[in-house]
Protein chains: 2
Amino acid sequence: MTDKTEFVAVKPVRAYEAIVEQIEQAIATRQLNPGDRLPSERDLMGTFAVSRATVREALRVLESGGLVRSRPGDPRGPEILQASPATLHKAMNRLVRSGTIKLSELVEFRVMLEGASCTLAAEHRTPEQLEVMRTAVEAMESSIAGGSAAFSQADVEFHATVWEASHNQLMQICGDAARGALVDLVNDRIDSAPDSGAQMKLSLAHDYEIFNAIEAQDGARAGQLARTFVIEYYGDMIEHGDRNGLALLGVPSE
Amino acid sequence: MTDKTEFVAVKPVRAYEAIVEQIEQAIATRQLNPGDRLPSERDLMGTFAVSRATVREALRVLESGGLVRSRPGDPRGPEILQASPATLHKAMNRLVRSGTIKLSELVEFRVMLEGASCTLAAEHRTPEQLEVMRTAVEAMESSIAGGSAAFSQADVEFHATVWEASHNQLMQICGDAARGALVDLVNDRIDSAPDSGAQMKLSLAHDYEIFNAIEAQDGARAGQLARTFVIEYYGDMIEHGDRNGLALLGVPSE
DNA sequence: CCAAGTGTACTGGTCAGACCAGTTGTTTCG
DNA sequence: CGAAACAACTGGTCTGACCAGTACACTTGG
């Protein structure tokens, strides 16, 4: 198999990076599982044969990646954490903010996700989840006159339940990350001009229609509605040159 | 605006976190831009009034997030980096491989992504990208008799180009992560039984059809084909109870 | 005068040892 | 037996030091 001795570029690996690498690997291969404990920093400096400063730098990196958590005084040592979407969320946010990812890409992404999860939710929703959705939509309706805070909270609640009902964690996580990044961006843009009355009524009507499709277990319709609505909602904010892809996603097959 | 004095839960913030926060904020608000330099660690310990160890922990976190880069000996200090999708990629990968996600979810996710990116690719592909795809498909064809390694490499190349041609980095990143996790999972399962001849011929036929649709700029057909093929490919590996969602995604609207 | 080599003053990477505030589990005392 | 005091840890931070690099100004030989 080794046809030729291939040399490959190297870059100096610092001690703390090697430690991060090892622990990351141990977690990836399930040698360390959520809830498990790492030895204390002072023990770790023994096993890795480095100073505590180096151990700590490694631990800080792992901690910032959401892989472990250190609490002072805990004699059981740093805890291995369950993988969480938090860092994904942050990474996506940064990327969008920095302009590396265009708004149109983010909206396309969300159109796709929202459509798919509504389709799946129509199929997989439990009766309980349906009731939670109903309650949320009703809460939107009754708070439409009140503050926009309560309204958008109910709106988020509705969509969160849809994601949950899709029974697909990946979509749930990515959808949540995309939604978060999107509202952050939009809030920056329309800055202090939250949902107007008309906007709220429109959102309510949309959610209501989607709810009906999900209740009827009509996945195709639910997905189609969701795609259309997201496009309708965000379409105006996207530069004209970037809109053609969106339109295509909205009507995937005729 | 302040209707009531609302108390809110707090958690102790460590010194290095406060530093990370400040620098992150400065980058987010464009006070610091890619190519700019941070003061040296020794200067930073002055401005933040902490020890160098603390400064370094903060820098390590920022570095692991891809925001800055430190090089020893560089008298200009740590460099602010252009935001890159690398950390998002890593986060996505970790999440997908954390094992909390079922195979069926992963496949659903990929069906959705593959469909959407093929649709977008049909619209957005450049002539150059089309040629790369053509070359990749031809490479698959010619290596079908040879090793399966070369074949699957060409296959990956084809799909990677499709993602690239979608001009949506988010989908590209998520698609790549999903693909990686999926082949890992499948390799674990069928372990040492790589693509058989029949399997290869099938994949080739699929990619070829997709290629034709992309060439014809028929986004709807490209997406539909991609969805169908992914389902066809992975469908058998999924437990029967989890298949109904997939089928729905395959035919989003009639 | 210029190019090539030399120095030097910085940089980050790592280490050793120390102190503090906090948690935990045990022990002691009422 | 319960509650308060204790001891043995934990992580968070600081000080001060050394090394191996880099960049840039400075010599020095042509």
Side-chain angles (χ1 to χ4, degrees), chain A residues 9-24 26-27 32-82 84 86, chain B residues 9-24 26-27 32-82:
Chain A
V10 296
K11 75 175 177 352
V13 58
R14 280 147 284 187
Y16 85 89
E17 287 180 318
I19 297 177
V20 168
E21 174 70 21
Q22 284 193 48
I23 297 181
E24 224 166 17
I27 294 176
L32 289 172
N33 294 292
D36 287 357
R37 299 305 184 127
L38 246 30
S40 74
E41 296 179 358
R42 286 168 176 87
D43 287 351
L44 251 16
M45 61 188 277
T47 75
F48 288 117
V50 295
S51 73
R52 192 147 88 95
T54 301
V55 168
R56 282 180 61 75
E57 290 184 16
L59 249 18
R60 292 292 80 79
V61 169
L62 291 169
E63 194 161 10
S64 85
L67 294 175
V68 309
R69 177 182 50 185
S70 291
R71 273 186 328 141
D74 190 336
R76 289 166 301 182
E79 184 183 0
I80 307 289
L81 260 31
Q82 183 93 35
S84 115
Chain B
V10 296
K11 76 174 176 352
V13 57
R14 279 146 283 187
Y16 84 90
E17 286 180 319
I19 298 177
V20 168
E21 174 71 20
Q22 284 193 48
I23 297 181
E24 223 166 18
I27 294 176
L32 288 173
N33 294 293
D36 288 357
R37 300 303 185 129
L38 246 30
S40 74
E41 295 179 358
R42 286 169 176 88
D43 287 352
L44 250 15
M45 62 188 276
T47 75
F48 288 119
V50 295
S51 73
R52 190 148 87 96
T54 302
V55 168
R56 283 179 59 76
E57 291 184 15
L59 285 177
R60 291 294 78 79
V61 169
L62 291 169
E63 194 161 12
S64 85
L67 294 174
V68 308
R69 177 182 49 186
S70 290
R71 273 186 328 141
D74 191 336
R76 291 167 301 185
E79 183 182 0
I80 308 289
L81 259 32
Q82 183 93 38

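Just so you know, these numbers come straight off a predicted model, no measurement behind them. First the proteins, then the strands, lettered A, B, ... as listed; each starts at 1.
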Minimum-distance nucleotide (side-chain atoms of R56(A) versus dA23(D), dT13(D), dT14(C)): dT13(D)
Beyond-backbone contact of L59(B) with L38(B), side-chain heavy atoms, under 4.5 angstrom: yes
Between P of dT14(C) and CZ of F48(A), the distance in whole Å: 14 Å
Distance, rounded to the nearest Å, where E79(A) contributes CD and dT10(D) contributes C1': 15 Å
5' precedence on DNA chain D between R71(A) and G73(B) (nearest-nucleotide basis): R71(A)
Closest listed nucleotide, where the reference is the side chain of S51(A) and the choices are dG13(C), dG12(D), dA16(C): dA16(C)
Spatial distance of atom CD (E57(A)) from atom CG (L62(A)) [nearest 0.5 Å]: 12.0 Å
Along DNA chain C (nearest heavy atom to each residue), the more 5'-positioned of R52(A) and P75(A): R52(A)
Any S40(B) side-chain nitrogen or oxygen under 4.0 Å from OP1 or OP2 of dT11(C): yes
5′-ward residue of the pair A49(A)/P78(B) relative to DNA chain C: P78(B)
Contact under 4.0 Å: R60(A) side-chain N or O vs dG11(D) OP1/OP2: no
Value in whole Å for how far the P atom of dG12(D) lies from CG of L44(A): 13 Å
Nucleotide dG11(D), atom C1' - distance to CG of L62(A) in whole Å: 15 Å
Length of the CZ-P vector between R69(B) and dG13(C), whole Å: 12 Å
Euclidean distance, atom CE of residue M45(B) to atom C1' of dC14(D) [Å, nearest integer]: 9 Å
Interatomic distance, E41(B) CD vs dT15(D) C1' [rounded to whole Å]: 16 Å
R60(B) side-chain N/O to V61(A) backbone N/O, donor-acceptor pair under 3.5 Å: no
Phosphate OP1/OP2 of dG13(C) contacted by R14(A) side-chain N/O (<4.0 Å): yes
E57(B) CD to dG12(C) P, straight-line distance once rounded to whole Å: 16 Å
Side-chain heavy-atom pair V50(B), V55(B) within 4.5 angstrom cut-off: yes
Side-chain N or O of T54(A) closer than 4.0 Å to phosphate OP1/OP2 of dC15(C): yes
Donor-acceptor pair under 3.5 Å, R76(A) side chain vs dT23(C) base: no
Minimum side-chain heavy-atom gap R71(B)-R76(B) below 4.5 Å: yes
Side-chain N or O of R42(B) closer than 4.0 Å to phosphate OP1/OP2 of dC10(C): no
